[in-house]
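The block underneath contains the structure these notes are about, expressed in structure tokens.
Below, read A as the first sequence line, B as the second, and so on, with proteins coming before strands; counting in each chain starts at 1. Keep in mind it's a predicted model, so treat the numbers as computed, not measured.
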Number of protein chains: 2
Amino acid sequence: MTDRTAVLDRVLHLATLVQADLGRFEREHGLTTSRVHLLWVLGASGPSTQQSLAAALDVTPRNVTGLVDGLVASGHVTRQPHPGDRRATLVTPTELGTRTIDDLVSSHADLAQQLFGDVPDDRLAAFAEVLEETTQRFARLMEEGT
Amino acid sequence: MTDRTAVLDRVLHLATLVQADLGRFEREHGLTTSRVHLLWVLGASGPSTQQSLAAALDVTPRNVTGLVDGLVASGHVTRQPHPGDRRATLVTPTELGTRTIDDLVSSHADLAQQLFGDVPDDRLAAFAEVLEETTQRFARLMEEGT
DNA sequence: CCTACATCGTGAAGTAGATTCACGACATGA
DNA sequence: TCATGTCGTGAATCTACTTCACGATGTAGG
């Protein structure tokens, strides 16, 4: 009889540790969690309007204004005019911003390798399967709960 | 060839979803993440000084003062004199606070059951094993990094 | 063309979490 | 009793985040 709650606690614990590792990255680069998150989205989506960033980060557009202000001040991004819509601005990474995003991506990959590199492929596949099923079960529960 | 980074992303994704579920709890009870976290610690440790809460939450004692102020105002905890140390106060859950903590614990257990209840014991055990190994590998890395 | 209406970003004002620094009240050991 | 450390909090400050209002711009419909 395996304790389901204990398993959930372990998942949460691991996530907490990974987040703490992200804290190290933030301190090294003089950034905050929210700003790193924005840079991450920017790296995944390319230059974006603040509206789309707000949607991706699940915060209000007004909040994105503040985050971008900070990243402009620290030299990580610039606001470029949007070709074809003079209302919008394209938040675009600078050279420094691009380097930071690359660092972020590679340190993320490094961490994954350090964590799971020694786990044999078959066991990792089984692990990922349970993870996938659980996540999908969760998604179904959320929809019902709405 | 399994992609380690993808597995890490899934772990993080699941943790994000679980955290979103916690948000539901917070809205239902008119609480915030930090205050729920404090109540959780209080439930696990029993009446505590603000110093020990600060250590458990990994925040400054000054911050705990503010969180406890809020929870006193909402009627979830009271400040009791510490027997044997007149400097310290024992943050103690009220009836409402105790009910809230019980709700929190049981909704956490319910969630674990909904997520992992349908996973067969043997597969779940294998899942938990990988999780455990990974967490311990992480702990070793953190110590070296210090 | 021009009038509605919607969208994009931002100023203003406010809340919560969190920090550092300073300080008074109390504990403790020499 | 005297020095030193600990416990909680006032004051000031920062970031993140929200709602509301508004000016500037885009997009149809008549």
Given [options], identify the nucleotide with an atom nearest to the side chain of [X].
{"X": "B:Asn63", "options": "D:dA16, C:dA25, C:dA18", "answer": "C:dA18"}
{"X": "A:Ala88", "options": "C:dA18, C:dC8, D:dA16", "answer": "C:dC8"}
{"X": "B:Leu67", "options": "C:dC26, C:dG17, C:dT10", "answer": "C:dG17"}

### Query
Is there a donor in the side chain of A:Gln80 and an acceptor in the side chain of A:Thr78, or the other way round, less than 3.5 Å apart?
yes

### Message
Could you check whether B:Glu132 pairs with B:Arg137 (Lys NZ or Arg NE/NH1/NH2 to Asp/Glu carboxylate O, under 4.0 Å)?
### Response
no

Euclidean distance, atom [atom1] of residue [X] to atom [atom2] of [N] [Å, nearest integer]:
{"X": "B:Leu31", "N": "C:dT15", "atom1": "CG", "atom2": "P", "value": "18 Å"}
{"X": "B:Asp58", "N": "C:dG17", "atom1": "CG", "atom2": "C1'", "value": "14 Å"}
{"X": "B:Leu38", "N": "D:dG8", "atom1": "CG", "atom2": "P", "value": "12 Å"}
{"X": "B:Arg87", "N": "D:dC7", "atom1": "CZ", "atom2": "P", "value": "6 Å"}
{"X": "A:Leu57", "N": "C:dG9", "atom1": "CG", "atom2": "P", "value": "13 Å"}
{"X": "B:Leu53", "N": "D:dT9", "atom1": "CG", "atom2": "C1'", "value": "15 Å"}
{"X": "B:Asp69", "N": "D:dA11", "atom1": "CG", "atom2": "C1'", "value": "14 Å"}
{"X": "A:Glu26", "N": "D:dA16", "atom1": "CD", "atom2": "C1'", "value": "13 Å"}

### Message
So, under a plain 3.5 Å distance rule, would you say the side chain of A:Arg62 forms a donor-acceptor pair with the base of C:dG11?
### Response
yes

### Query
Less than 4.5 Å apart, any side-chain heavy atom of A:Leu17 and any of A:Asp21?
no

### Query
Under 30°, 30 to 60°, or over 60°: which ring-plane class applies to A:His108 and A:Trp40, parallel, tilted or perpendicular?
perpendicular

Within the structure, does a side-chain N or O atom of [X] lie under 4.0 Å from either OP1 or OP2 of [N]?
{"X": "A:Thr49", "N": "C:dC8", "value": "no"}
{"X": "B:Gln51", "N": "D:dT6", "value": "no"}
{"X": "B:Arg35", "N": "C:dG17", "value": "yes"}
{"X": "A:Arg86", "N": "C:dT7", "value": "no"}
{"X": "A:Gln50", "N": "C:dT7", "value": "no"}
{"X": "A:Ser34", "N": "D:dC17", "value": "yes"}

### Query
Would a distance-only check, ignoring hydrogens and angles, find a side-chain to backbone donor-acceptor pair under 3.5 Å from B:Arg35 to B:Gly30?
no

### Message
Please check this pair: side chain of B:Thr92 against backbone of B:Leu90, looking for a donor-acceptor N/O pair closer than 3.5 Å.
### Response
yes

### Message
Nearest heavy atom decides the nucleotide; on that basis, is A:Pro61 or B:Ser52 closer to the 5' end of DNA chain D?
### Response
B:Ser52

### Task
Return the 5'-most residue of the pair A:Gly84, A:Val59 with respect to DNA chain D, ranking by each residue's nearest nucleotide.
A:Val59

Look at all strands and tell whether [X] reaches a base, only sugar-phosphate, or nothing, counting heavy atoms closer than 4.0 Å.
{"X": "B:Thr65", "answer": "base"}
{"X": "B:Thr60", "answer": "base"}
{"X": "A:Asp85", "answer": "sugar-phosphate"}
{"X": "A:Thr33", "answer": "nothing"}

